[in-house]
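We count ligands from 1, going down the list as the structure has it; atoms in each ligand are counted the same way. Note that the numbering runs from 1 along the sequence shown for the chain. Source: prediction; values computed, not measured.
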Amino acid sequence: MRRHLIVAGAGWLLTVSCTHGNAASSGAALSPVPTSASTPEATGRGGAAATVDVRATSAAIEILKDGGNAVDAAVAAAAVLGATDLYSCGIGGGGFMVIYRAEDQRVITVEHREMAPRASSRGLFYAGDTPIPMFEVMTSGVSAGVPGMVQGWEVALSRYGTRGLAEVLQPAIRVAERGFEVDQTFFEQTSRNVERFKLFSSSAQLFLPDGGKPAPVGAIFRNPGLAKTYRRVAEGGSRAFYRGEIARAIVDTVAHPPMASDAGLAVRPGVMTLSDLSDYEARIREPVKSTYRGYTVYGMGAPSSGGIALELALNILEGYEPTALGRVDFLHRYLEASRLAFADRTAYVADPEYVDVPVVGLLSKDYAAERRKALQPAKAASGEVPAGNPFAFQVDPSVTRSAAMLSSEPALAALAPSPLDVPNRETTHVTTTDKLGNIVTYTCSIEAEGGSGIVVPGYGFLLNNELTDFDVPPEPGAAHANTPEPGKRPRSSMAPTLVFKDGAPVLALGSPGGSTIITTVLQTLINHLDFGMPMLEAVAAPRVSQRNVPDGKSQAEPEFIASPEAAALQARGHVFTNVGQIGALTGIRFHSDGTVTAIAEPQRRGGGSAMVVEPVPRTGN
Ligand code: GLU
């Protein structure tokens with residue numbers, strides 16, 4: 001992510017001694033953490049990592065070199081990102097980790113999504129009968145969910161890792177304490193949030209040190225509060241976060257957002273309690289699994305819609321032959337398949353502990369065939385398309401479905417909730433593998449860029465505003481799959497994905513970008529698997545995203561809109577909105593000779609960092 005960095009030798013992670021106590025508050029005396037040069041592609045053996053930030057990737061690689069496994073490396077990288085990419089992710093948020101364990105060839109997911117406080121209700125985003133405006137919800141205690149990150153890390157490490165939090169947090173402690181050089185991306189992220197950060201004394205103090213202005217490019221950004229928090233967690237485990245002083249600080253911050261003296265307005269408090277924190281649990285869940293043209297695809301299940309929507313879209317696309325159709329006609333089907341998949345995802349996918357998500361039906365090949373009937377081969381749908389009826393496919397595939405079954409109205413699709421529309425510049429994705437062949441594909445987030453905008457005073461991390469991923473019902477009490485309820489987790493779009501062929505890993509990947517995450521992963525898979533683009537090219541290619549929004553338009557990058565394909569698609573009725581950049585994918589491609597290629601986004605968000613433990617010349621795709 002951050003270019004223009006000081007180039008230094010590898011090995012900083014294990015050679016810099018661990019500092020404690022006063023060092024945190026005297027951070028100015030320490031020199032910033034040096035980094036190696038950032039490259040978006042690296043091929044080799046013995047393990048690999050890719051993230052948006054060179055320091056995070058370096059931390060993962062050093063853990064791998066020191067004998068740690070892919071899970072240890074992923075947590076180490078995510079913790080560093082919590083310091084360097086703290087507007088996108090961190091311990092005030094949550095995530096979804098998909099793990100492939102080579103030893104028993106199992107895919108497991110560690111879901112550590114934020115949870116609505118138990119005092120929440122379906123009227124969470126209403127003041128009386130009036131919906132609270134989005135900007136007020138975004139920057140408030142109301143939208144802060146109970147953070148899942150630290151629990152997720154601890155569960156992943158204790159069950160599937162080889163190191164404890166005390167070890168894997170050390171690189172992050174050093175980065176937070178010693179600081180790093182502010183680059184253009186970080187400067188822009190801060191600048192976009194000045195008005196929000198100014199409202200809170202804690203946020204202004206950390207992010208606007210220069211009389212209310214962001215630290216300029218080249219300044220050193222240190223976060224001793226975060227170093228202190230990480231150190232407490234390293235020493236005391238998740239208990240130190242979910243109980244005691246940090247928990248009290250979180251609850252107090254949600255209940256009494258620390259307004260700056262000149263804020264001139266109050267923001268809405270939330271309803272999180274100490275027992276919401278102490279009772280929080282990460283969940284080990286089954287992945288969702290499907291096949292695509294001989295590949296096996298594993299993804300994240302509910303409460304993320306990522307895996308389900310991706311696999312449903314792939315199932316629809318499997319009915320078309322990309323080479324015979326050619327790029328434009330296949331791209332048309334990609335957009336329409338995505339539109340149909342999003343209609344279903346929005347209607348049916350939510351927290352599975354609150355809603356019966358019809359996963360079997362949604363991912364049945366027969367259902368995909370049924371949905372394909374709604375796809376017009378030469379014409380874009382003009383507006384929003386309705387959800388299908390996957391419940392009719394929840395049954396044994398040998399059952400013959402009557403017309404009545406197919407046409408019966410699924411109860412949940414009847415309501416049309418309005419999703420909260422937050423811009424998509426946030427979240428981050430980490431991909432790692434180790435010498436034993438374990439793999440981690442891990443997306444984590446605090447939701448909006450800068451989350452709720454509120455730093456927990458003295459602890460150096462931002463509270464998420466992930467509860468904005470709930471749908472707002474048309475009236476306060478109305479039921480829908482994804483409305484807020486006590487203890488419920490909001491639907492996500494995060495889509496950490498694994499692809500196998502004949503039992504061997506082929507790809508691990510994921511991206512930030514709100515609901516465009518799903519289309520970014522989908523488009524990259526198509527580029528690589530169907531059109532044979534090398535992975536780096538597949539990742540760099542201009543993006544277009546169709547998510548069944550009411551006006552029927554697709555969001556696209558300017559380079560896509562300027563392409564001949566876009567002109568041909570416009571002739572088929574597609575309309576594109578220029579949204580600048582979409583996503584920032586990272587991934588790992590596994591080759592048949594045992595080497596791997598780590599890939600990070602080459603340009604978007606300033607470009608990411610891919611590294612391997614033992615570099616070798618690249619031979620495969
Ligand atoms: N909150 C989003 C989700 O869970 C991710 C945030 C983003 O990438 O914009 O899907």
- Query: Considering distance alone, does some N or O of Gly514 sit under 3.5 Å from an N or O of ligand 1?
  - Reply: yes
- Query: Under 3.5 Å, is there a donor-acceptor pair linking the side chains of Asp471 and Thr483?
  - Reply: no
- The atoms of ligand 1 lying under 4.0 Å from a heavy atom of Thr427, numbered in the order shown, are 5 (C), 6 (C), 7 (C), 8 (O), 9 (O)
- Indicate yes or no: does an N/O atom of Arg491 lie under 3.5 Å from an N/O atom of ligand 1? no
- Message: Tell me whether Arg113 reaches ligand 1 (any heavy atom closer than 4.0 angstrom to a ligand atom).
- Response: yes
- Message: Tell me whether Gly513 has any N or O atom under 3.5 angstrom from an N or O of ligand 1.
- Response: yes
- Message: Minimum distance, heavy atoms only, to atom 3 (C) of ligand 1: which one of Asp469, Thr520, Ile518 is it?
- Response: Asp469
- Please step through side chain to side chain contact (heavy atoms under 4.5 Å, CB included) for the pair Thr441 and Leu509, ending with a clear verdict. CA-CA 6 Å; Thr441 172; Leu509 72 167; 5.6 Å; no
- Message: Using a plain distance cutoff, I'd like to know if Ser445 has any nitrogen or oxygen under 3.5 Å from a nitrogen or oxygen of ligand 1.
- Response: no
- Message: Pair Arg55, Phe180 - check side chain to side chain contact (heavy atoms under 4.5 Å, CB included), show working.
- Response: CA-CA 9 Å; Arg55 282 160 296 253; Phe180 57 89; 3.5 Å; yes
- Mind telling me whether His112 and Tyr442 have parallel, tilted or perpendicular rings, with 30° and 60° as the class edges? tilted
- Rounded to the nearest 0.5 angstrom, the SG-CD distance for Cys89 and Glu447 is 13.0 Å
- Item | Parallel, tilted or perpendicular: rings of Phe560 and Phe576 (30°, 60°) | perpendicular
